[in-house]
Amino acid sequence: MTQRDPLDELNPSQREAVTHTEGPLLILAGAGSGKTRVITYRIAHLIRQKGVPPFEIFAVTFTNKAADEMKRRVAELIGPIGESVFVRTFHSAAVYILRRYGDRIGVPRAFTIYDAKDQETLIKDILLEMRLDPKKIKPSALASKISEIKDRAEMIEGADLSSLMPGYPGLNFSDLYREYQDRLSRSGALDFNDLLIKTVVLMRRSPESLTELQRRWRYFMIDEYQDTNHAQYLICKYLSSATRNLCVVGDDDQSIYSWRGADIRNILDFERDFDETKVVKLEENYRSTVPILDAAWHVIRNNVNRKEKRLRAVRGDGEPLTWCRANNEYGEAEYVVSTILSLKKKEALRNRDFAVFYRTNAQSRVFEEMLRRENIPYRVVGGLKFYDRKEIKDILAYLRLIANPADGVSLLRIINVPARGIGAATVERLRDTAYTAEITEWEVIARGLAIKGKVPAGITSFKKIIERGMAASALVPETMKLSAMVRELIEATSYRENLEEENSVESRSRLENIEEFINSVYEYEARYPDAALDRFLQEISLLTSEESPDAEGPDPLNSITLMTVHNAKGLEFPVVFLTGMEEGIFPHFNSSDTDAGIEEERRLCYVGITRAMDRIFLTGAEMRRSYSGLSYKEPSRFIAEIPAATMDVREYGEGGYSAPVRDSLPFNGPYPGAVTSAVALNPTGGNGSRFRTREAVLHPKYGRGRILAIEGGGDNVKITIVFGNGDKKTFLEKYTPLQKL
DNA sequence: TTGAGGCTTTCAACA
DNA sequence: AAAGCCTCAA
């Protein structure tokens, strides 16, 4: 059988990276330099040419989705055997390791993973116990402080911890930290940082576990190495120390997660750290046209703290960049949408070819509104995860409590959901009882201990529900399927019945989400026939919104993509809109006071620009409304860093809200296509409202109704609606997502 | 003591 | 828009 050698499809440096299989290897891979291809080919090469069994290869990617994609591509090269390569994210690899060996360092097998929200709940709880006001000291700030400390090398290496503990007026941070860790451990829970830290601890305290792991994996590949933190660095180091076959891939210009503890020194010092490191640079860019790469370079070269390098464009010249400053955020969105419409008309582009990037999730709203108005399908990546929705979190809390009865955060979440007559006072006494007896809340309930002299009826029925769930889950997977158990539990809670009774637009959508959740359990079961509850819960808590059940909109292949620049890492699109290019937004206000902060924002901007294959539109607004009010915005400094001569500059002034529409023409640049599409857009009417009286509308919560009156103006348009049942209600237009019927 | 409804506040990026 | 806090009726 003759087959083309895959190596023929690579350039010399790519080939070098693929064939250098033994010993430490550092691949400095610029944006668009065929990095993923190198990694997949290298895995294929190890298996096919070097005879390495696939299960001996350990690869880390940034998201679970990227991991699946990598497996798929390897399988494409060498057949289904490629599926057995171990490809995961760091966090999911840590879960894998801790499930097997965690008990050796006191991590229970069915540990619960606390996400940022759970962390906050727990901290708020601790603050209340300490008689501190969570309104004065924000739990979210404390949670991120705790994460920040845990990410630091000093935390793991045990240097002077007290220096890390910040001062808060009226709060001893060390006490809080200790209590937080104590509560996690008593709840059998780990936060995201702990997943990594405990894995390091395991490798240090249990050499025999490390030896077993080293026997299992012999080749290691780490993608996005510039974004690893200290714990991740140590995991790489320990795992690879037996064979020294550690290959890391990264680009210091694309380091954008220092706020999550990423330490750029990991990549900068790699050569010094690992003896006899082979370094391969991939500097040929196959993705973007010359103007795009030029602009990206002109931005990133302003960073002092970087290795000097410049990508070579393999593709030729292309369209110039466009910089458009609109009057406000609505104008910006109109410009983006009208440009998409006109480009689609002119060229054979599909919706999936377009991406709109923004710095903060909150910016997506206006784009969504505009795309919906124009009936253009879109999908929002990131933002609220499916598993973050209230009804799903409730069901998950039940499941988590069943899998791990020590999980206090989950218990307190659902003890009275749906309402069963257990109020704040009862909960308070339950906790007192537990605290005094030094047992968990669940134990108090399970043992039927008296709360305020008797056992309240609500507590008894709660106990029955959980016990019914526990009994069912004990049968999983041998005699009962996971999905059947989940159904049984939902049945026991009467969660569905309660929503059915409510019978609102909102409750119907919640019911649909619960259906969708059950479907996702079926899917999981199909993939892992011996699916058990604890493992299912651990895996879904690591999923991103992209990987959640309903991430796919009406037709994912035919949708425009909306996402933050952070989420865009590793992706590419023919047409990119990099929006909100304003001082205070991008670079973000909170990063603007230090050089390091600005340099990271600049790298983020570089990442955004280099996602574009053929065209990029940079946009911004002159005025923008945020929660703090209306404010004037200077163009981002990054715009000034791109040579003006290489950009097509224009203004857009049609965007309608209260701000006065500027005198300038909608388009003062020579971009003919965009004008035609203005027809499709429907600027707001006289008082700034997009509605008229007597018009039929759909309210997300109250359903169909008819507009009775529109009062006020500017951003304070009030709309009064009569609903089908005769109810009259008034809403502020800016906060109410009314749909025309 | 509970639960519903209204008023206020909040938004930086993520596994 | 959504969550949290507060108030008030039952």
Side-chain angles (χ1 to χ4, degrees), chain A residues 60-67 88-95 113-117 120-121 124 133-135 138-141 144 147 151 190-196 224 227-229 232 256-262 357-365 368-369 381-385 387-390 393 416-429 452 456 458 502 506 538-547 563-569 580 584-592 597 600-601 603-604 607-608 625-628 700-701 729 731-732 734-737:
Chain A
V60 169
T61 57
F62 211 66
T63 62
N64 291 287
K65 199 182 168 209
R88 303 228 178 179
T89 63
F90 266 112
H91 289 84
S92 128
V95 167
I113 300 171
Y114 277 5
D115 66 14
K117 289 236 176 64
E120 271 178 49
T121 310
K124 191 170 153 197
D133 185 359
K135 264 186 283 183
K138 280 196 298 182
S140 58
S144 50
S147 283
D151 280 331
L190 303 180
D191 62 22
F192 280 119
N193 305 290
D194 282 348
L195 292 175
L196 304 172
E224 307 286 4
D227 283 324
T228 50
N229 65 23
Q232 291 166 331
I256 54 175
Y257 281 103
S258 75
W259 53 274
R260 216 169 75 183
F357 300 158
Y358 34 79
R359 178 66 179 80
T360 67
N361 278 311
Q363 287 164 254
S364 75
R365 209 197 80 227
E368 290 185 62
E369 232 170 69
V381 177
L384 190 67
K385 284 186 218 168
Y387 295 111
D388 283 343
R389 291 185 196 172
K390 185 188 174 302
K393 284 208 106 173
N416 196 33
V417 180
R420 52 177 75 88
I422 305 171
T426 310
V427 170
E428 199 42 54
R429 295 202 199 176
K452 59 178 175 182
E502 201 185 312
E506 195 190 351
Q538 287 164 354
E539 285 191 19
I540 62 174
S541 45
L542 298 178
L543 295 182
T544 65
S545 67
E546 263 292 77
E547 300 142 7
M563 62 171 104
T564 62
V565 195
H566 280 93
N567 261 318
K569 185 166 88 156
I585 301 256
F586 200 0
H588 194 272
F589 173 75
N590 293 351
S591 305
S592 297
E600 180 147 320
E601 294 286 313
R603 290 193 293 269
L604 190 57
V607 167
R625 181 188 316 286
S626 59
Y627 65 97
S628 57
K701 191 160 166 193
K729 294 202 188 291
F731 308 91
L732 273 180
K734 64 176 171 179
Y735 291 133
T736 318

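Every chain is numbered from 1 and lettered A, B, ... according to where its sequence line falls, protein lines coming before strand lines.
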Q: Would you mind checking if A/Glu600 and A/Arg603 are paired as a salt bridge, meaning a charged N to carboxylate O distance below 4.0 Å?
A: yes

Q) Where the side chain of A/Asn590 is defined as all heavy atoms beyond and including C-beta, which of B/dA12, B/dC14, B/dT1 is the nearest nucleotide? A) B/dA12

Q. So does A/Arg389 get a side-chain nitrogen or oxygen closer than 4.0 Å to the phosphate oxygens (OP1/OP2) of C/dA3?
A. no

(Q) Base of B/dA12, side chain of A/Ser591 - is there a donor-acceptor contact under 3.5 Å? (A) yes

Q) Taking only side-chain nitrogens and oxygens of A/Thr63, does any of them come within less than 4.0 Å of OP1 or OP2 of B/dA15? A) no

Q: Considering non-hydrogen atoms only, spot the tightest contact between A/Ile113 and A/Ser541 and give its length.
A: CD1-OG, 3.4 Å

Q) By centroid distance (under 5.5 Å) and plane angle (under 30°), are A/His588 and B/dA13 in a stacked arrangement? A) no

Q: Measure from the side chain of A/Thr360, starting at C-beta and using heavy atoms only, and say which of B/dC14, B/dA13, B/dT1 lies closest.
A: B/dA13

Q: Assign A/Asn361 to base, sugar-phosphate, or nothing according to its heavy-atom contacts below 4.0 angstrom with the strands shown.
A: sugar-phosphate

Q.
Taking the minimum atom-to-atom distance to the side chain of A/Arg429, which one of B/dA12, B/dT1, B/dC14 wins?
A. B/dT1

(Q) At less than 4.0 Å, is any side-chain N or O atom of A/Lys124 found next to OP1 or OP2 of C/dC5? Yes or no. (A) yes

(Q) Is there a side-chain contact between A/Gln232 and A/Leu196 in this structure, where contact means two heavy atoms from C-beta onward sitting under 4.5 Å apart? (A) yes

Q) When you measure from the side chain of A/Phe192, which nucleotide among B/dA15, B/dC14, B/dT1 comes out closest? A) B/dA15

**Q.** Pairwise 5' ranking along DNA chain B for A/Val427 and A/Leu542, keeping only the more 5' one
**A.** A/Val427

Q) Rounding to a whole Å, what distance do you find between A/Leu604:CG and B/dA12:P? A) 15 Å

Q.
Do the side chains of A/Asp227 and A/Arg260 get close enough for a salt bridge, i.e. N-O under 4.0 angstrom?
A. no

**Q.** Side chain of A/Trp259 - closest among B/dA12, B/dA15, B/dC14
**A.** B/dC14

Q: Quick one: the dot-bracket string of DNA chain B, using Watson-Crick and G-U wobble pairs with both distances under 3.5 Å, [ ] for crossing pairs and | for bases paired to another strand.
A: ||||||||||.....

Q.
In whole Å, I'd like the distance from the CD1 atom of A/Ile585 to the C1' atom of B/dA13.
A. 13 Å

Q) What about the rings of A/Trp259 and A/His588, do their centers lie closer together than 6.0 Å? A) no

**Q.** By ring pair (Phe, Tyr, Trp, His ring centres under 6.0 Å) - contacts of A/His91 (at least two apart)
**A.** A/Phe192

Q) Mind checking whether A/Phe62 and A/Tyr257 have side chains closer than 4.5 Å, heavy atoms only? A) yes

Q. Of all the choices, B/dC11, C/dG4, B/dA15, which nucleotide is nearest to the side chain of A/Asn567 once you look at every atom?
A. B/dA15

(Q) Categorize A/Phe589 for me: base, sugar-phosphate, or nothing, with a 4.0 angstrom heavy-atom threshold over every strand shown. (A) nothing

Q. Is the shortest heavy-atom distance from the side chain of A/Thr564 to the side chain of A/Thr360 under 4.5 Å?
A. no

Q.
Expressed as a whole number of angstroms, how long is the span from A/Glu120:CD to C/dA3:P?
A. 13 Å

Q.
If I compare all heavy atoms of A/Gly421 with all of A/Asn416, which pair ends up nearest, and what's the gap?
A. N-OD1, 3.3 Å

Q.
Whole angstroms only, please: what is the CG-C1' distance between A/Asn64 and B/dC14?
A. 13 Å

(Q) Testing the 3.5 Å rule here: is there a donor-acceptor pair between the side chains of A/Glu120 and A/Ser140? (A) no

Q: With heavy atoms under 4.0 Å as the rule, sort A/Lys138 into base, sugar-phosphate or nothing.
A: nothing

Distances for protein N or O near nucleotides 3-5 of chain B N or O, under 3.5 Å:
unit_1, atom_1, unit_2, atom_2, d
B/dG3, OP1, A/Gly421, N, 3.2
B/dG3, OP2, A/Asn416, ND2, 3.1

Q) Just checking A/Ala424: base, sugar-phosphate only, or nothing, at a heavy-atom cut-off of under 4.0 Å? A) sugar-phosphate

Q: Could you tell me which non-hydrogen atom of A/Val565 sits nearest to which non-hydrogen atom of A/Val607, and how far apart they are?
A: O-CG1, 4.4 Å

Q) What's the CZ-P distance between A/Phe357 and B/dC14, to the nearest Å? A) 13 Å

Q. What is the distance, rounded to the nearest whole Å, between atom NE2 of A/His566 and atom C1' of B/dA12?
A. 8 Å

Q: Grab the CG-P distance between A/Asp151 and B/dC14 for me, whole Å please.
A: 15 Å

(Q) If I take atom NZ in residue A/Lys65 and atom P in nucleotide B/dA15, what distance separates them, rounded to the nearest angstrom? (A) 12 Å

